[in-house]
Amino acid sequence: MRKKIEKSDAEWREQLTPEQYHVTREKGTERPFSGDHGVTDEHGIYHCVCCHAPLFENEHKFDAGCGWPSFDRPLASGCVEQHADSSHGMQRTEVICARCDAHLGHVFPDGPAETTGQRYCINSVAIDFHPGE
């Protein structure tokens, strides 16, 4: 397992846009339908915007109609971590990058039944697409 990436608040602020910082470091959420990661047939991998760790494969992306990129599974076991989240008066499961603890979004048990049944609802500003990987 890779060593955790730790940076100061100032280093993260210098590296990230204000919206990326708010979502990934302050556990924020972008507005629904504001992202630019529509479903395509293009092969590629989505990486964490903070540490560039590979997280999700485009082939496992689907249109959940929720306004955020949705995947039915992470790229590999151990690339993301899940934690209980009771903020905003709800019980949810937060998804974070295992390498740098960036908040990515949440996972819900309402994904495609024919695959994993999971919906990893991920903020588009928290991930960066690398086509052809």
Is the shortest side-chain heavy-atom distance between [X] and [Y] below 4.5 Å?
{"X": "Thr17", "Y": "Val125", "value": "no"}
{"X": "Glu57", "Y": "His43", "value": "yes"}
{"X": "Pro18", "Y": "Arg13", "value": "no"}
{"X": "Thr93", "Y": "His106", "value": "no"}
{"X": "Ile96", "Y": "His83", "value": "yes"}

Would Ser70 and Asp63 count as having a side-chain donor-acceptor pair, cut-off 3.5 Å?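 No, because no side-chain N or O of Ser70 sits under 3.5 Å from a partner of the opposite role on Asp63.
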
Donor-acceptor side-chain pairing of Asp72 and Tyr120 below 3.5 angstrom: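 Short answer, no.
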
Please name all residues satisfying side-chain contact (heavy atoms from CB on, under 4.5 Å) with Ser87, sequence neighbours left out, ordered by chain then number.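 For Ser87 the side-chain contact (heavy atoms from CB on, under 4.5 Å) partners, ignoring immediate neighbours, are Asp85, Arg92.
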
Are Phe129 and Phe56 joined in one hydrophobic group, where the rule is that I, L, V, M, F, W and Y side chains link up if heavy atoms are under 4.5 Å apart?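 Linked within one cluster.
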
Please report the C-alpha distance between Thr40 and Asn58 in whole Å, then the side-chain angles of each, then the deciding distance to 0.1 Å, and finally whether the side chain to side chain donor-acceptor pair (under 3.5 Å) criterion is met. CA-CA 8 Å; Thr40 70; Asn58 195 45; 3.3 Å; yes

Show, in sequence, the C-alpha distance, side-chain angles and deciding distance for Leu55 and Cys97, and conclude whether the side chain to side chain contact (heavy atoms under 4.5 Å, CB included) test is met. CA-CA 8 Å; Leu55 300 174; Cys97 174; 4.2 Å; yes

Just by distance, do the side chain of [X] and the backbone of [Y] share a donor-acceptor pair under 3.5 Å?
{"X": "Asp128", "Y": "His52", "value": "no"}
{"X": "Arg99", "Y": "Ile5", "value": "no"}
{"X": "Glu11", "Y": "Ser8", "value": "yes"}
{"X": "Trp68", "Y": "Glu30", "value": "yes"}

Is Lys4 salt-bridged to Glu81, going by a charged N under 4.0 Å from an acidic O?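 A salt bridge links Lys4 with Glu81.
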
With a sphere of 6.0 Å drawn around CD of Glu114, does it hold more than 12 non-hydrogen atoms of other residues, nucleotides or ligands?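 Enclosed: over 12 neighbouring heavy atoms sit under 6.0 Å from CD of Glu114.
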
List for me each residue that meets side-chain hydrogen bond (donor to acceptor under 3.5 Å, both in side chains) alongside Gln118, sequence neighbours excluded, and say none if there are none.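 Partners of Gln118 by the side-chain hydrogen bond (donor to acceptor under 3.5 Å, both in side chains) criterion come out as none, since no residue qualifies.
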
Tell me, please, which residues at least two apart from Ser34 pass side-chain hydrogen bond (donor to acceptor under 3.5 Å, both in side chains).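 So Ser34 forms no side-chain hydrogen bond (donor to acceptor under 3.5 Å, both in side chains) with any residue.
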
Could you walk me through whether Phe71 and Val107 pass side chain to side chain contact (heavy atoms under 4.5 Å, CB included), step by step? CA-CA 9 Å; Phe71 303 87; Val107 61; over 6 Å; no

Please report the shortest heavy-atom distance between [X] and [Y], naming the atom on each side.
{"X": "Cys50", "Y": "Gln15", "value": "O-NE2, 2.6 Å"}
{"X": "Asn123", "Y": "Gly28", "value": "ND2-O, 3.9 Å"}
{"X": "Lys61", "Y": "Pro69", "value": "CE-CB, 3.9 Å"}
{"X": "Cys100", "Y": "Trp12", "value": "CB-CH2, 4.2 Å"}

Output all residues satisfying ring-ring contact (aromatic ring centres under 6.0 Å, His included) with His130, sequence neighbours left out; order by chain, then residue number.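 Residues passing ring-ring contact (aromatic ring centres under 6.0 Å, His included) with His130: His47.
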
Tell me, with the steps shown, if Gln82 and Glu94 meet side chain to side chain contact (heavy atoms under 4.5 Å, CB included). CA-CA 5 Å; Gln82 298 181 19; Glu94 177 188 20; over 6 Å; no

Mind checking who shares a hydrophobic cluster with Phe108, ILVMFWY linked at side-chain heavy-atom distances under 4.5 Å?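 Joined to Phe108, directly or through intermediates: none.
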
Quick one: hydrophobic cluster around Ile45, which other residues, with the 4.5 Å side-chain cut-off, linked directly or via members?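 Via sub-4.5 Å side-chain contacts, Ile45 links to Leu75.
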
Trace of the side chain to side chain contact (heavy atoms under 4.5 Å, CB included) decision for Leu16 with Val49: CA-CA 8 Å; Leu16 303 168; Val49 296; 4.2 Å; yes

